[in-house]
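Both ligands and their constituent atoms are indexed starting at 1 by order of listing. Counting from 1, the numbers follow the sequence of the chain as shown.
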Amino acid sequence: QQQLRPNLTFYDLYPPTKDMLAEVSQSLSGANPSLHPKYFYDETGSALFDRITRSPEYYPTRTETGLLTDYAEEIHARLGQPQIIAEPGAGSCEKVRLLLDAWQPRHYMPVEISRECLLDASRQLAGDFPNVHISAVCADYCQTIAMPDALKQSGQVVFFPGSTIGNFEPSARADFLKGLHNLAGAGGALLIGADLQKANTQLNAAYNDAEGLTAAFNLNALHHLNRKLDCQFDTANMRHVAFYNSDHQRIEMHLECLCDQHIQLGERSLILNSGTRIHTENSYKFTEQSFSAELIAAGFKPLNCWTDPQNLFSLHLAQA
Ligand code: AVI
């Protein structure tokens with residue numbers, strides 16, 4: 001535990017560094033090759049994602065920000081005065097600024113795996129919000145459940161924006177929501193963003209933007225592997241594929257081999273035949289009712305749900 005500023009304490013939980021080579025080798029070798037979406041997010045990938053969120057086709061970020069801006073006071077009235085906001089996977093801590101402004105809680109606890117990103121963002125926040133005490137926790141937010149008791153306080157408002165919940169597979173999502181319920185504790189609450197089902201054309205456009213940002217973001221997962229593991233993917237011969245799968249109510253992202261890809265996984269070589277698709281991401285889309293049902297299954301009591309006039313995105317408030 002380090003006191004970095006009068007209002008900023010840093011807790012390093014030393015998130016375990018996974019064996020990337022072993023993990024990637026396993027997921028690429030099966031009959032249905034895949035890559036975990038976390039491989040999108042190296043420095044280049046995070047910068048590309050930031051640009052995606054500002055692209056005209058990618059409606060979720062701006063719609064959610066609009067909802068937070070319009071309803072921060074109403075949510076506050078519904079909640080009462082929260083003492084602590086906890087944000088798993090806080091990243092650059094941008095969206096929470098709206099809540100810190102409107103709610104003036106005493107504490108904010110961002111949890112983020114990238115030490116550098118966390119330190120940068122929380123130092124800036126500490127300067128901008130001198131009356132909020134920031135407990136910055138460096139940890140893998142999927143391990144939020146294993147938070148030390150000193151940082152688990154009842155009555156926390158857990159903030160999980162961005163529809164990142166849609167990137168979890170259904171059973172992992174159910175477990176993660178239970179973890180958030182536990183983190184919020186008795187008397188706590190959850191404020192969470194969930195992207196909504198809509199016309200396929202609009203969903204497909206959001207993941208196939210005209211500027212090619214999402215394609216570059218998807219392909220960057222391979223650049224990332226080439227840089228870190230020297231996999232030798234011929235990225236010029238890989239194609240971004242993204243489409244809405246209505247049977248599963250999810251956007252699927254894949255990378256398709258346009259020629260036989262001879263790749264290196266440490267000492268081992270692997271050939272991915274032309275036409276093979278590497279599944280890189282699912283982004284599930286919900287209805288207001290389907291998401292409320294998942295909240296209930298995780299032990300929450302839904303309090304309210306706010307949506308925009310076009311019904312693009314939903315912001316759910318639920319009591320733990
Ligand atoms: C981070 N997550 C909510 C994004 C999404 O829409 O599922 C990731 C993304 N993938 C392509 N574009 C954005």
Side-chain angles (χ1 to χ4, degrees), residues 34-65 67-68 87-96 110-114 117 140-142 159-170 172-173 176-177 180 191-224 238-246 248-256 277-286 291 294 308 312-316:
S34 65
L35 274 178
H36 194 280
K38 69 183 171 195
Y39 295 116
F40 292 140
Y41 299 97
D42 62 351
E43 208 182 316
T44 313
S46 301
L48 281 165
F49 180 64
D50 200 55
R51 291 178 63 196
I52 290 173
T53 64
R54 284 180 273 119
S55 73
E57 295 92 341
Y58 194 79
Y59 60 84
T61 312
R62 88 174 64 83
T63 311
E64 185 182 51
T65 303
L67 291 172
L68 287 167
E87 184 178 2
S92 57
C93 306
E94 269 310 311
K95 287 179 188 158
V96 79
V111 181
E112 171 58 46
I113 194 164
S114 159
C117 181
D140 179 348
Y141 73 75
C142 293
F159 182 46
F160 199 61
S163 199
T164 302
I165 195 67
N167 297 128
F168 287 75
E169 290 307 303
R173 188 162 71 229
F176 183 67
L177 286 173
L180 294 185
L191 182 62
I192 185 167
D195 196 11
L196 294 173
Q197 291 167 23
K198 56 184 64 65
N200 292 18
T201 44
Q202 192 170 9
L203 283 166
N204 287 330
Y207 292 81
N208 291 282
D209 62 282
E211 207 187 330
L213 294 168
T214 310
F217 173 71
N218 198 5
L219 282 161
N220 181 62
L222 302 182
H223 288 293
H224 184 187
M238 297 294 295
R239 184 172 76 98
H240 161 75
V241 178
F243 56 87
Y244 188 62
N245 178 334
S246 356
H248 291 280
Q249 290 134 18
R250 67 189 190 199
I251 284 280
E252 292 185 13
M253 293 222 301
H254 301 260
L255 287 163
E256 185 179 305
R277 284 184 176 180
I278 304 173
H279 194 163
T280 49
E281 187 179 56
N282 286 324
S283 187
Y284 285 85
K285 308 300 171 190
F286 307 91
F291 198 72
E294 295 198 20
D308 53 292
L312 297 177
F313 199 90
S314 62
L315 197 56
H316 290 252

- Message: Looking at every heavy atom in both Ser92 and Cys117, which two are closest together, and how far apart are they?
- Response: N-SG, 4.3 Å
- Query: Have Glu169 and Tyr284 got a donor and an acceptor in their side chains that come within less than 3.5 Å?
  - Reply: yes
- Looking at Asp308, Asp195, Thr53, which one forms a side-chain hydrogen bond (donor to acceptor under 3.5 Å, both in side chains) with Tyr59? Asp195
What are the polar N/O contacts of ligand 1 with the protein below 3.5 Å, with distances?
unit_1   : atom_1 : unit_2 : atom_2 : d
ligand 1 : 2 (N)  : Asn167 : OD1    : 2.9
ligand 1 : 6 (O)  : Tyr58  : OH     : 2.5
ligand 1 : 6 (O)  : Tyr207 : OH     : 2.5
ligand 1 : 7 (O)  : Asn167 : ND2    : 2.9
ligand 1 : 7 (O)  : Ser283 : OG     : 2.6
ligand 1 : 10 (N) : Glu281 : OE1    : 2.7

- Message: Determine whether the aromatic ring centres of residues Phe176 and Phe160 are separated by less than 6.0 angstrom.
- Response: yes
- Between atom CD1 of Ile192 and atom OG1 of Thr164, what is the distance when rounded to the nearest 0.5 Å? 8.5 Å
- In terms of side-chain heavy atoms, does Glu256 have a donor or acceptor partner in His254 at a distance below 3.5 Å? no
